[in-house]
Amino acid sequence: TDRKKDIIVNSGGDNLSPQRVEGILALEPEIAQAMVYGDRKSHLVAVLVPEEGLDDATASKAALDAAMDAAVDRVNAKLSLIERVRRFILADAPFTIDNSLLTPTMKIRRHKIIALYKDRLEALYGKG
């Protein structure tokens, strides 16, 4: 039931595949996992999981945010305007099978991640 409609349609009516954007984000060395959100919204936002050990290597939250910002900027340079991720939040924990955010075949459970981070994702749209 999760992938029944796995296409994001933004507020302008453009269709885009979230897996493509997530895959490109996950190729960056700083990003372990990604989930993009933006159905019926003006732009995309994301939940990002930093690569294991990155939060240890960058001692401060500001340094971690800067590293993730740089990674998202590099990805956005490769994407079309409607596919770009404008804002993101960092996940509290990696997506795993144990916390039910991954299927046994290692696909993300989009509806569960959205349910978990819904308030924080919607807050990203409220910022100027």
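Because only heavy atoms are used, hydrogens play no part in the values below, and waters and symmetry mates are left out as well, while side chains stay in.
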If you take all heavy atoms of Lys112 and Ser100, which pair is closest and at what distance?
CD-O, 3.4 Å
Do Leu64 and Pro50 come within less than 4.5 Å of each other through their side chains, counting heavy atoms only?
yes
Leu44 and side-chain contact (heavy atoms from CB on, under 4.5 Å): which single residue from Asn76, Leu16, Leu124, Asn10 fits?
Leu16
Where Pro29 and Arg74 come nearest, the two heavy atoms and their spacing:
CD-NH2, 4.1 Å
Can you list every pair that meets salt bridge (Lys or Arg N to Asp or Glu O under 4.0 Å) and has a residue in residues 8-18, with sequence neighbours left out?
none
Verify, without hydrogens or angle tests, whether Asp39 (side chain) and Val9 (backbone) share a donor-acceptor contact under 3.5 angstrom.
yes
Would you kindly confirm whether Met106 and Ile113 end up in one hydrophobic cluster when ILVMFWY residues are joined by side chain heavy atoms under 4.5 Å apart?
yes
Heavy-atom check, side chain of Tyr37 versus side chain of Tyr125, under 4.5 Å:
yes
Any side-chain heavy atom of Leu101 sitting closer than 4.5 Å to one from Gln33?
no
Write down the atom of Ser11, the atom of Ser42, and the distance for their closest heavy-atom approach.
OG-CA, 3.3 Å
Distance from Leu25 atom CG to Ile31 atom CD1, nearest 0.5 Å?
5.0 Å
So do Ile8 and Asn15 actually touch side chain to side chain, heavy atoms under 4.5 Å?
no
Does a side-chain N-to-carboxylate-O contact under 4.0 Å join Glu22 and Lys107?
no
Any idea which heavy atoms bring Phe95 and Tyr117 closest together, and the distance?
CE2-CE1, 4.5 Å
Tell me whether Leu27 shares a hydrophobic cluster with Val85, the cluster being built from Ile, Leu, Val, Met, Phe, Trp, Tyr side chains joined at under 4.5 Å.
no
All heavy atoms of Arg120 vs all of Leu90, minimum pair found to be NH2-O, 2.9 Å
With heavy-atom distances below 4.5 Å as the criterion, would you say the side chains of Met68 and Glu51 are in contact?
no
Are any side-chain N or O atoms of Arg86 and backbone N or O atoms of Val45, one a donor and one an acceptor, separated by less than 3.5 Å?
no
Residues Val36 and Arg110: closest non-hydrogen pair is O-NH1, 3.2 Å
Heavy atoms, side chains only, cut-off 4.5 Å: are Leu102 and Ile108 in contact?
yes
With rounding to the nearest 0.5 angstrom, report the CD to CG distance, Glu30 to Leu48.
10.5 Å
d(Asp73 CG, Lys78 NZ) to nearest 0.5 Å is 12.0 Å
Does any non-hydrogen side-chain atom of Leu116 lie less than 4.5 Å from one of Val47?
no
Are the side chains of Lys41 and Leu121 in touch, meaning some heavy atoms are under 4.5 Å apart?
no
Would Arg84 and His43 satisfy side-chain contact (heavy atoms from CB on, under 4.5 Å), going step by step from the backbone distance to the final call?
CA-CA 8 Å; Arg84 291 185 182 154; His43 58 273; over 6 Å; no
